[in-house]
Trainee: 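Provided herewith is a single structure, encoded as structure tokens, for subsequent inquiry.
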There are 2 protein chains.
Amino acid sequence: MVSLNGRAGGIRGAERRQARRPQVLPAAQTEPSLKLAELNDHVGYFLRRLQVALFKDFMRTLAPVDVRPAQYSVLILIAANPGRSQAAIGRALGIERARLARMLHELERRKWIERRAAAGDGRSHALFLTAAGDKALARIKALTARHEAQMVDLMGSKRRMLLLELLREFG
Amino acid sequence: MVSLNGRAGGIRGAERRQARRPQVLPAAQTEPSLKLAELNDHVGYFLRRLQVALFKDFMRTLAPVDVRPAQYSVLILIAANPGRSQAAIGRALGIERARLARMLHELERRKWIERRAAAGDGRSHALFLTAAGDKALARIKALTARHEAQMVDLMGSKRRMLLLELLREFG
DNA sequence: TATTGTTATACTCTATAACTATA
DNA sequence: TATAGTTATAGAGTATAACAATA
């Protein structure tokens with residue numbers, strides 16, 4: 001179960017409980033609830049809050065395999081586009097090449113990927129998943145499926161699709 | 001003008017140009033375009049891409065006053081809720097108290113806020129904007145209005161509202 | 001000259017722990 | 001004991017610059 005502010009029960013569950021709670025406690029006890037004021041009109045504010053909550057759930061769910069969102073996206077892209085260069089992967093994901101170089105070192109250390117000399121261009125490395133990487137990715141995908149199930153739990157299947165389709169237009 | 005991948009012209013502008021562009025160039029020249037594969041089904045992936053793009057635009061637009069998103073949210077909350085404690089502000093925004101303490105030092109150094117001993121509780125500080133802080137915030141708000149105008153430019157007014165309303169349900 | 005990959009540095013942000021002073 | 005605020009440290013992530021090898 002996922003929640004935005006550490007509350008259990010998801011959005012709808014929390015609303016239900018709040019509606020049921022008698023409004024007799026003094027304000028100081030009920031958690032005073034500050035005015036968000038202008039923040040209410042900023043897409044970026046709510047986008048950030050939700051993004052942080054989702055990444056936290058992702059990291060919590062993927063903790064058994066110790067994989068973070070950026071690493072996951074790199075593994076998926078290498079698996080789906082074998083043989084591409086670091087530059088290509090980095091560009092596609094918006095990861096800076098210096099950062100990607102270090103991340104690939106780490107993935108290489110774990111024996112999940114390998115860099116081979118590229119055929120045509122002596123400068124670039126062709127990236128591949130190893131057999132171990134392929135196996136690890138299967139386990140990782142099982143966990144990300146659980147993460148997405150928790151997203152459905154948090155927002156409801158219909159709202160999740162609506163949000164996904166809306167966001168995809170900008171990605 | 002804002003864009004997600006450094007392209008100029010916004011989403012709709014880019015689409016228009018792409019539709020006009022003749023499809024005769026070799027794939028290697030056109031920017032190969034990798035498969036996103038499973039990433040296409042993750043809300044978090046697109047959420048993150050958009051959030052990073054929005055924050056970049058925010059920082060670019062607010063650069064003249066050197067204010068970052070988190071600082072802005074703190075200033076807005078202090079202005080709308082004068083006299084509240086650091087703990088209350090931090091809880092409302094999901095900012096860890098250690099981090100908030102340092103951020104408030106910086107805002108105090110710039111003479112935008114002040115901490116007074118709280119009335120009832122000897123442990124906590126009541127936060128207020130100074131007159132200079134109030135004046136600075138007016139200028140800051142003018143720049144955030146420009147930022148939001150750029151958001152409208154990026155996504156269209158209707159889509160921005162739809163996204164805002166959808167996200168607010170989770171904030 | 002530009003690009004690919006690498007290393008290094010600085011800065012922001014997050015997560016903790018430890019500490020004080022109050023409650 | 002718990003809370004409010006502070007300081008310090010370690011780890012990600014981001015932004016740059018500089019460099020060697022290659023195009």
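Residue numbers begin at 1 in each chain, while the letters A, B, ... track the order of the sequences.
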Trainee: Across the strands shown, which category fits A:Ala98 at heavy-atom distances under 4.0 angstrom: base, sugar-phosphate, nothing?
Mentor: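 Base contact.
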
Trainee: Select from A:Ala101 and B:Pro69 the residue whose nearest nucleotide in DNA chain C is closer to the 5' end of that strand.
Mentor: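 So the residue in question is A:Ala101.
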
Trainee: With a 4.0 Å cutoff (strictly under), does any side-chain N or O of A:Arg68 reach OP1 or OP2 of D:dG11?
Mentor: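 The answer is no; no side-chain N or O of A:Arg68 sits under 4.0 Å from OP1 or OP2.
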
Trainee: To the nearest angstrom, how far is B:Lys56 atom NZ from D:dT16 atom P?
Mentor: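 Taking NZ of B:Lys56 and P of D:dT16, I get 9 Å after rounding.
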
Trainee: I need the minimum non-hydrogen distance between B:Thr61 and B:His147, along with the two atoms involved.
Mentor: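 So the minimum-distance heavy-atom pair works out to CG2-N, 4.0 Å.
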
Trainee: Can you tell me how far P of C:dA15 sits from CE of A:Met59, to the nearest Å?
Mentor: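 These atoms are roughly 7 Å apart.
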
Trainee: Rounded to the nearest angstrom, tell me the gap between atom CD in A:Glu114 and atom P in C:dG5.
Mentor: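 Distance check: A:Glu114 CD to C:dG5 P gives 16 Å.
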
Trainee: Any idea which of C:dC13, D:dG5, C:dA23 is nearest the B:Gln86 side chain?
Mentor: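 In terms of side-chain proximity for B:Gln86, the closest of C:dC13, D:dG5, C:dA23 is D:dG5.
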
Trainee: Using the six-membered ring of A:Phe128, assess whether NZ or CZ of A:Arg116 lies under 6.0 Å from its centre and within 45 degrees of the ring axis.
Mentor: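 Verdict for A:Phe128: a cation-pi partner in A:Arg116.
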
Trainee: Send over the distance from B:Arg48 CZ to C:dC13 P, rounded to a whole Å.
Mentor: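 My rounded result for the distance is 12 Å.
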
Trainee: Work out how much the helix from C:dT1-D:dA23 to C:dA23-D:dT1 bends between its end axes, five pairs an end, to the nearest 10 degrees.
Mentor: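 Here the helix ends are tilted 0° relative to one another.
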
Trainee: Would you check if the side chain of B:Glu148 reaches a backbone N or O of B:Ala145 as a donor-acceptor pair within less than 3.5 Å?
Mentor: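 Side chain of B:Glu148 to backbone of B:Ala145, a donor-acceptor pair under 3.5 Å: no, none is there.
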
Trainee: Picking from D:dT7, C:dA23, D:dT16, which would you name as closest to the side chain of A:Glu96?
Mentor: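 Given the options D:dT7, C:dA23, D:dT16, the side chain of A:Glu96 is closest to D:dT16.
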
Trainee: Whether the side chain of B:Asn81 engages the backbone of B:Leu77 through a donor-acceptor N/O pair (distance < 3.5 Å, no angle test) should be reported.
Mentor: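 Judged by distance alone, yes, a pair lies under 3.5 Å.
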
Trainee: Counting only distance, no hydrogens or angles, is the base of D:dG5 paired donor-acceptor with the side chain of B:Arg97 under 3.5 Å?
Mentor: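 Donor-acceptor pair under 3.5 Å: yes.
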
Trainee: Please report the distance, rounded to the nearest Å, between CZ in B:Arg84 and C1' in D:dG5.
Mentor: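 In whole Å, D:dG5 C1' and B:Arg84 CZ are 17 Å from each other.
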
Trainee: Are any of A:His105's side-chain N or O atoms less than 4.0 Å away from OP1 or OP2 of C:dT7?
Mentor: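 It does, given that an N or O in the side chain of A:His105 lies less than 4.0 Å from OP1 or OP2 of C:dT7.
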
Trainee: Any side-chain to backbone donor/acceptor pair from B:Arg68 onto B:Phe55? Under 3.5 Å, distance only.
Mentor: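 No; judged by distance alone, with no hydrogens or angles, the pair does not exist.
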
Trainee: Reckon B:Arg102 touches a base, only the sugar-phosphate, or nothing at all at heavy-atom distances under 4.0 Å?
Mentor: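 Base: the residue B:Arg102, judged by heavy atoms under 4.0 Å, touches a nucleobase.
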
Trainee: To check you understand the geometry: which heavy-atom pair defines the closest contact between A:Met59 and A:Pro69, and what is its length?
Mentor: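 It is CG-CD, 3.8 Å.
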
Trainee: Determine: side-chain N/O of A:Arg99 to OP1/OP2 of C:dT9, distance under 4.0 Å, yes or no.
Mentor: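 Looking at the OP1 and OP2 atoms of C:dT9, neither is under 4.0 Å from any side-chain N or O of A:Arg99.
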
Trainee: Could one point to a donor on the side chain of A:Arg123 or the base of C:dT3 with an acceptor on the other under 3.5 Å away?
Mentor: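 Yes, the side chain and the base share a sub-3.5 Å donor-acceptor pair.
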
Trainee: Please report the distance, rounded to the nearest Å, between CG in B:Leu100 and C1' in C:dT16.
Mentor: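 Roughly 17 Å, once rounded to whole Å.
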
Trainee: For A:Tyr72 and A:Phe58, take the angle between the two ring planes, folded into 0 to 90°, and tell me which bin it lands in: parallel under 30, tilted 30 to 60, perpendicular over 60.
Mentor: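 Rings of A:Tyr72 and A:Phe58: tilted, as their planes differ by 30° to 60°.
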
Trainee: DNA chain D: A:Gly120 or B:Ser85, which has the more 5' nearest nucleotide?
Mentor: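 The residue closer to the strand's 5' end, by nearest nucleotide, is B:Ser85.
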
Trainee: Please give, in whole Å, the distance from D:dA21 P to A:His125 NE2?
Mentor: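 The answer, rounded to whole Å, is 13 Å.
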
Trainee: Return the value, rounded to whole Å, for the distance between atom CE of A:Met103 and atom C1' of D:dT14.
Mentor: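 Result: 11 Å.
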
Trainee: Side-chain heavy atoms nearer than 4.5 Å, only ILVMFWY residues, links allowed to pass through others: does that put A:Val52 and B:Leu100 together?
Mentor: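 In one cluster with A:Val52: B:Leu100, no.
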
Trainee: Let me know, please, whether A:Gly122 or B:Leu104 comes out on the 5' side of the other along DNA chain D by nearest nucleotide.
Mentor: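 Upstream on the strand: B:Leu104.
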
